[in-house]
Amino acid sequence: MTVVPTEFARPFKSDVPARMDRLPWGGWHWRVVIALGVTWIIDGLEVTLIGSVGGVLQDRRSLHFTPDQIGALGTSYLIGAVFGSLGFGYLTDRLGRKKLFTATLGLYLVSAILTAFAWDFWSFAFFRFLTGAGIGGEYSAINSAIDELIPARVRGRVDLAINGTYWIGAAIGALSTLVLLDPRYFAVDVGWRVGFGIGAALGLIIIFYRNHVPESPRWLMTHGQPDEADRVVTEIEAHLTGEGKTLDPPQGTITVKPRPAIGFGEIARTMVHTYPGRTTLGLTLMISQAFLYNAIFFTYALVLTNFYMVPADRTGLYIVPFAVGNFLGPILMGHLFDTVGRKPMIAATYSISAILLAATGWLFANDYLTATTQTALWSVIFFFASAASSSAYLTVSEVFPLEMRGMAIALFYSAGTAVGGTAAPWLFGYLIGTKSRMFLFYGYLFASLLLAVAVVVTLIFGVKAEGASLESVARPLTSGDPEDDLDA
């Protein structure tokens, strides 16, 4: 098909958004969720592995890293995620969702394999940087595609559920370490290397499955390809009618005025001048949740081994219930973000997480906990914190115009990771290294304070996006005048 350059294309009417949002849920949607949602499983696997093998990597028979270096490896991964998110986020808006979620997964595969062959701190850190770049790029491409392919009425619960699958990967990683780190099965310097190959194998399978996921019809529509967008939606409709689904008539159209690619200047103006409240909201949610998660989870095994004397090869047993709590939170509470609403649920989950974290930190500082009760309390905290964290990604992916969605996700993810995430593993690694429970408690209090700030910002700037089409939440930059369009 010949595509007319967007700068010369004429305005046109499209019912693509209305057709996508009125689709009944079917097998086609499940295939999309499985093919794209694996990103979070892989990320959970990667982060859990580095957290779980921290004790082994300190062993003289392995790479003999210090606690500070273990924390720095987490920082290296997150810095890579920042750069990958920004670079690939920009490209996903220019080149399309499909091209990028294939390229980013490919980068992850190569980098994960290389990590298994790391020979010292610097090689390990560099390969972790590349792995993070692949995963960071995945966040932009995948979140964009999912939001644009999933019907509006269930967008919240699906987004939260997919983000929650991160913890399936975490559980897989934790359980695998029970074998990989057991010297009866693998040498001290071999088991952790095999572990990083697990994620690569999983990604290799999924990269072929993703070939069946189409380009986002919404992206095609705003990039001057209305015929291709219509063809993709028609194929999706055919899949669903073939499953026996009944399609309601679409309600409404949107006028699209194709134009050249959006530049950084316009992205900045849109965020700062058009949507300053949403920008403040997105930054606060992402920074606070990134600090919380990267502070706790990257150093989880270090707390168990240094304060509760849990053997390094048994830390996986304690991570599994923690992962289960994190997974169940978004799954069981996800529908409330579509029914009760985004704003009240975001405020509630952040508030509960902050209060419980401060209380548990106080119990830890006063030595009232065991490894088992510490894990149980963390599992309860992160039941709510996981839903809160997932809602942050949901928010930044749906409250800005379609043409800059990938870049918006990248900017907020990168800002949250750079400010709240990269320093957290190193800081908490340092606090753990002091062997002071009180110093570590102060770190937990700071994380609680960040969550409390996010609650206040949500109450002021929260967006009512539940059940609304993406185009009504944030009008596309390529759309015509509002009076020319019907409400979709």
Side-chain angles (χ1 to χ4, degrees), residues 5-7 78-97 99-100 104 132-133 136-145 147-148 216 218-219 221-224 254 256-291 342 392-423 450 453-454 457-458 460-463 465 470-482:
T6 52
E7 57 265 42
L78 294 171
I79 291 175
V82 168
F83 281 95
S85 179
L86 290 172
F88 291 121
Y90 176 71
L91 293 175
T92 195
D93 283 335
R94 293 182 66 91
L95 304 180
R97 318 311 190 196
K99 290 185 179 70
L100 268 297
T104 52
E138 284 270 287
Y139 276 116
S140 296
I142 300 306
N143 272 302
S144 299
D147 273 0
E148 293 164 14
S216 162
R218 285 177 154 108
W219 184 89
M221 174 190 73
T222 57
H223 284 73
I254 185 170
V256 178
K257 295 182 178 179
R259 48 174 292 178
I262 307 300
F264 286 107
E266 185 163 3
I267 291 174
R269 285 193 297 274
T270 301
M271 288 185 165
V272 175
H273 295 293
T274 307
Y275 298 113
R278 297 183 181 190
T279 300
T280 302
L281 174 67
L283 284 173
T284 307
L285 293 179
M286 293 299 286
I287 290 172
S288 58
Q289 67 84 26
F291 187 90
R342 306 284 201 261
Y393 285 97
L394 169 64
T395 298
V396 300
S397 69
E398 68 180 357
V399 299
F400 291 97
L402 184 148
E403 298 86 348
M404 54 181 280
R405 176 163 293 119
M407 197 61 201
I409 296 169
L411 286 170
F412 286 108
Y413 171 78
S414 299
T417 301
V419 177
T422 54
L450 289 179
V453 171
V457 173
T458 298
I460 298 172
F461 297 116
V463 179
L470 293 171
E471 292 71 25
S472 65
V473 174
R475 180 170 291 276
L477 300 176
T478 51
S479 69
D481 295 330

Next on the checklist: Please list all pairs meeting salt bridge (charged side-chain N to carboxylate O under 4.0 Å, His left out) that have one or both residues in residues 79-88, counting only residues at least two apart or in different chains.
Outcome noted: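 Found none.
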
Checklist entry - What residue pairs, at least two apart or across chains, pass salt bridge (charged side-chain N to carboxylate O under 4.0 Å, His left out) with a residue in residues 409-419? => result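 Those involving residues 409-419 do not exist here.
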
Item to check | 4.5 Å side-chain heavy-atom contact, Leu470 and Glu398 | outcome: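 In contact.
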
Checklist entry - Given side chains that start at C-beta, do those of Ser144 and Ile409 come closer than 4.5 Å, heavy atoms only? => result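 The answer is yes; the side chains approach within 4.5 Å.
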
Checklist entry - Aromatic rings Phe400 and Tyr275: how do their planes relate, parallel, tilted or perpendicular, breaks at 30° and 60°? => result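 Taking Tyr275 first and then Phe400, their aromatic rings stand perpendicular (interplane angle over 60°).
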
Next on the checklist: Checking Glu138 against Leu100 for the side chain to side chain contact (heavy atoms under 4.5 Å, CB included) test, could you report, in this order, the C-alpha distance in whole Å, the side-chain angles of both residues, the deciding distance, and whether it holds?
Outcome noted: CA-CA 8 Å; Glu138 284 270 287; Leu100 268 297; over 6 Å; no

Item to check | Step-by-step side chain to side chain contact (heavy atoms under 4.5 Å, CB included) determination, Val463 to Arg278 | outcome: CA-CA 8 Å; Val463 179; Arg278 297 183 181 190; 3.8 Å; yes

Next on the checklist: Show me the pairs that pass side chain to side chain donor-acceptor pair (under 3.5 Å) and involve residues 279-288, at least two apart or across chains.
Outcome noted: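 Passing the test, one end in residues 279-288: no pairs.
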
Checklist entry - Can you pull the side chain to side chain donor-acceptor pair (under 3.5 Å) pairs that have at least one residue in residues 262-273, sequence neighbours excluded? => result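 Residue pairs passing side chain to side chain donor-acceptor pair (under 3.5 Å), neighbours aside: Arg259-Glu266.
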
Item to check | From CA spacing to verdict: side chain to side chain contact (heavy atoms under 4.5 Å, CB included), Leu285, Gln289 | outcome: CA-CA 6 Å; Leu285 293 179; Gln289 67 84 26; 5.8 Å; no

Nearest heavy-atom neighbours spanning [X] and [Y]:
X      : Y      : result
Thr92  : Gly406 : CG2-CA, 3.6 Å
Gly416 : Ala290 : O-CB, 3.3 Å
Thr222 : Leu402 : OG1-CD2, 3.2 Å

Reported [atom1]-to-[atom2] distance for the pair [X] and [Y], which is rounded to 0.5 angstrom:
X      : Y      : atom1 : atom2 : answer
Arg97  : Trp219 : CZ    : CH2   : 8.0 Å
Leu91  : Lys99  : CG    : NZ    : 11.0 Å
Ile254 : Met221 : CD1   : CE    : 5.0 Å

Next on the checklist: Go through it in stages, so that I can follow the logic: the residues are Leu281 and Val399, the test is side chain to side chain contact (heavy atoms under 4.5 Å, CB included), and I'd like the CA-CA distance, side-chain angles, deciding distance and then a yes or no.
Outcome noted: CA-CA 10 Å; Leu281 174 67; Val399 299; 5.8 Å; no

Next on the checklist: Looking at His223 and Leu95, would you say the former's side chain and the latter's main chain have a donor-acceptor pair under 3.5 Å?
Outcome noted: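 Looks like no, no N/O pair under 3.5 Å.
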
Next on the checklist: If we ignore hydrogens and angles and just use 3.5 Å, is the side chain of Asn143 paired with the main-chain N or O of Ser397 as donor and acceptor?
Outcome noted: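 Looks like no, no N/O pair under 3.5 Å.
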
Next on the checklist: I'd like to check the salt bridge (charged side-chain N to carboxylate O under 4.0 Å, His left out) partners of Arg405; sequence neighbours left out, ordered by chain and number.
Outcome noted: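 For Arg405, the residues satisfying salt bridge (charged side-chain N to carboxylate O under 4.0 Å, His left out) (neighbours in sequence not counted) are Glu148.
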
Item to check | Thr395: partners by side-chain hydrogen bond (donor to acceptor under 3.5 Å, both in side chains), with sequence neighbours left out | outcome: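 If we apply the side-chain hydrogen bond (donor to acceptor under 3.5 Å, both in side chains) test to Thr395, skipping adjacent residues, there are no hits.
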
